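Here the structure comes first, spelled out in structure tokens, and everything after it is commentary.
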Amino acid sequence: MPDSTTRRNSRPLSQLAPPPAQGAALSALALLPRDSLERAARHVGLVLGSPVALLGDGTAGDGETQAPVRVALLPIAPGTAAVFRDDVGAAPSDDELPAVRYAAARAYGMIPLLGGRQAQPQEGDSGPAFLVLSSRARAWSRHEQLALRDVAASLAAELDARRELAELHLRVEEMRQHALRDGLTGLPTRALFLEHLALAVERARRHKDFRFAVLSLDLDRFQVVNDSLGHEVADGVLVTVADRLLSCVRGEDTVARISADEFVILLESIADDSDGGRVAERIQRALAAPVPTDDGEVYTSASIGIVLSSSGLEPPARLLQQAGIALARAKAAGRLRYEMFDSEMQTRARARLRMETDLRHAVDRGEFEVYYQPLVTLESGRITEVEALLRWRHPERGIVPPLDFIPLAEETGLIIPIGSWVLAEACRQVREWQLRFPREAPLALSVNLSVKQFSQPHFVRHVADTLRASGLDPGSLKLEITESFAIEDADLTRAMLEELRELGTRIYLDDFGTGFSSLGYLHRLPLDAIKIDRTFVMQMDEGPTHLQLVDTVRALAHNIGVAAVAEGVETESQLVTLRRLGCESAQGFFFSRPVPPAELERLLDRDPRW
Ligand code: C2E
Ligand code: CA
Ligand code: CA
């Protein structure tokens with residue numbers, strides 16, 4: 001047996017043979033581990049009663065090895081039959097196998113490895129053969145020949161098994177490659193991108209002047225393209241975008257597609273930090289050109305978030321996340337923008353995430369409360385209505401005002417369960433007050449709605465069910481919507497509002513004057529009142545312009561036949577003015593701040609007149 005020294009120096013056996021007709025044979029040879037050949041050599045040794053070595057062992061001349069018998073594998077032409085030669089002479093002819101000449105063998109046996117798979121050799125199928133070389137001329141007895149064929153057969157069987165395994169590996173690797181490439185654009189996927197990014201991070205750690213930038217890019221309003229023009233067109237757009245992105249970067253940069261309409265780019269070896277922004281601008285210019293489609297063209301644009309390696313070498317997934325945070329900022333700032341990630345963004349993003357988690361728990365933990373603010377009818381000066389205003393009693397932060405968490409609740413969709421809780425709780429509470437403080441006109445309730453709630457399917461039925469459960473008459477409920485409702489989908493909004501009106505509930509248009517204020521749509525909405533935003537009311541005392549503004553909104557309301565409600569009344573003089581202008585009702589700190597139920601009860605009990 002070869003010792004460990006020769007083992008280390010040994011060359012692959014296949015190198016000793018002439019180049020095979022086909023690569024397949026060579027790889028088949030490479031498939032059999034050395035151990036198998038050594039085992040075969042031992043068997044041959046037993047059969048022939050002689051020391052046996054592997055051909056190709058030993059460093060200097062193989063011809064000088066001591067072992068009288070050596071074995072090897074070699075590639076052969078397809079259809080070659082087994083042969084046993086007793087004596088090839090001292091100088092074998094050129095026709096003899098090169099390995100025979102190389103090993104200076106006098107006799108040899110060569111047996112093709114015909115495994116189960118090669119029982120019927122395919123055309124061009126060149127498998128390996130098992131070669132037994134003797135340094136002396138010898139006759140091969142029938143018994144020896146059969147035994148050597150057995151050794152070859154077991155090698156062939158092993159080769160078969162290994163081939164199958166190798167094919168399996170190949171397929172697994174193919175699948176892995178597949179997973180690393182996006183099927184549509186051929187771009188790397190997130191997994192492959194992260195691998196590239198990991199290498200860049202590694203390199204930046206070792207070489208101080210190696211800098212890189214990660215760009216996260218998202219196509220603005222791509223969903224609209226998808227929904228309106230169909231998947232095929234959308235796919236075509238994505239392919240074009242991928243091409244354009246590639247044309248904006250250098251060969252060593254990586255462009256990957258990480259979700260439907262999100263791409264990330266790794267810019268390697270940027271000269272300075274402004275390169276990231278320059279590439280972002282170049283990309284935005286490239287994407288601005290229309291994408292031709294079968295029946296027209298599509299316009300795309302992209303928002304881009306950038307994180308630089310110079311802002312701290314975080315792990316790859318974290319860098320991707322930071323680029324995403326910058327992207328979200330870019331989108332929030334308006335389309336077609338790019339933003340650089342900075343640590344302040346990080347802090348904000350963390351706080352936001354924390355808040356989001358807390359908000360999720362708040363629903364289950366019952367941390368919400370409803371406060372109530374009275375609305376006063378100006379003719380009588382009495383409280384006729386209350387507005388339900390949500391409060392969050394945070395375990396550490398105390399009472400959190402709605403403007404600090406409602407936008408997040410809307411973004412995350414949490415406003416749906418929260419809003420439906422507010423509606424149910426407020427209806428229940430006001431019904432209770434109606435029974436305890438009976439009046440000729442029962443106390444009314446107004447509840448703020450979010451667009452998200454409103455666009456829920458079966459929202460109208462949900463309102464009806466909630467009312468029924470609480471026992472509150474639909475006529476006592478006013479739902480407050482804002483101008484943004486109509487902007488989403490004016491026709492749908494109108495239809496839904498009609499349904500709610502049929503139910504008996506009333507509709508208030510809240511915060512009027514702060515939104516996009518296209519007056520055209522106002523006439524088409526079924527409304528019962530317009531609430532004049534508090535910023536106008538509060539500035540009324542400051543001069544004639546603001547007073548005029550309030551009066552214009554009031555006139556507008558009356559013009560379309562709805563009531564005018566003034567918000568944010570803080571002073572007696574404001575109240576006097578509003579009365580004079582002819583507003584129907586008012587609400588504000590002058591009467592009462594939003595208060596917990598117990599406090600509002602005292603007010604109802606006192607029944608003050610203003
Ligand atoms: P909003 O609907 O305009 O509610 C009136 C807001 O004005 C309340 O703020 C109230 O405290 C404040 N306010 C009332 N009178 C005065 C005054 O005289 N002076 C001043 N400076 N402010 C006054 P709040 O309670 O912080 O609510 C803010 C906003 O949060 C609400 O504005 C509403 O848009 C939203 N919101 C509150 N509760 C809910 C809810 O249950 N669901 C939804 N979707 N939004 C809600
Ligand atoms: Ca309101
Ligand atoms: Ca308001």
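Index from 1, following the sequence. Counting convention: from 1, in listed order, for ligands and their atoms alike. Bear in mind the structure is a predicted one, so any value in this text is a computation, not a measurement.
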Regarding [X] and [Y], do their side chains bring together a donor and an acceptor under 3.5 Å, going by distance alone?
X	Y	value
Tyr371	Gln373	no
Ser303	Asp218	no
Thr505	Arg501	no
Ser476	Gln434	yes
Glu387	Asn448	yes

Contact list for residues 579-591, test salt bridge (Lys or Arg N to Asp or Glu O under 4.0 Å), sequence neighbours left out: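 Of all non-adjacent pairs touching residues 579-591, none passes salt bridge (Lys or Arg N to Asp or Glu O under 4.0 Å).
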Which pairs, with at least one residue in residues 459-477 and sequence neighbours excluded, count as a salt bridge (Lys or Arg N to Asp or Glu O under 4.0 Å)? Asp465-Arg468
Atoms of type N, O or S from the protein that sit nearer than 3.0 Å to the Ca ion (ligand 2) number exactly 4
Please tabulate, one line per pair, the protein nitrogen or oxygen atoms found under 3.5 angstrom from a nitrogen or oxygen of ligand 1, with distances to 0.1 Å, or say none if there are no such pairs.
unit_1   : atom_1 : unit_2 : atom_2 : d
ligand 1 : 2 (O)  : Glu387 : OE2    : 3.2
ligand 1 : 2 (O)  : Asn448 : OD1    : 3.0
ligand 1 : 2 (O)  : Asp510 : OD2    : 2.9
ligand 1 : 3 (O)  : Asp511 : OD1    : 3.1
ligand 1 : 3 (O)  : Arg534 : NH1    : 3.3
ligand 1 : 3 (O)  : Glu567 : OE2    : 3.4
ligand 1 : 7 (O)  : Arg534 : NH1    : 2.8
ligand 1 : 15 (N) : Gln373 : NE2    : 3.0
ligand 1 : 18 (O) : Phe589 : N      : 2.8
ligand 1 : 19 (N) : Glu570 : OE2    : 2.5
ligand 1 : 21 (N) : Glu570 : OE2    : 3.1
ligand 1 : 25 (O) : Arg391 : NH1    : 3.0
ligand 1 : 25 (O) : Arg391 : NH2    : 2.9
ligand 1 : 38 (N) : Leu390 : N      : 3.1
ligand 1 : 42 (N) : Asn448 : O      : 3.4

Whether Gln574 side chain and Thr571 backbone form a donor-acceptor pair below 3.5 Å: yes
Using side-chain heavy atoms (C-beta onward) and a distance below 4.5 Å, is Leu500 in contact with Val463?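 The answer is yes; the side chains approach within 4.5 Å.
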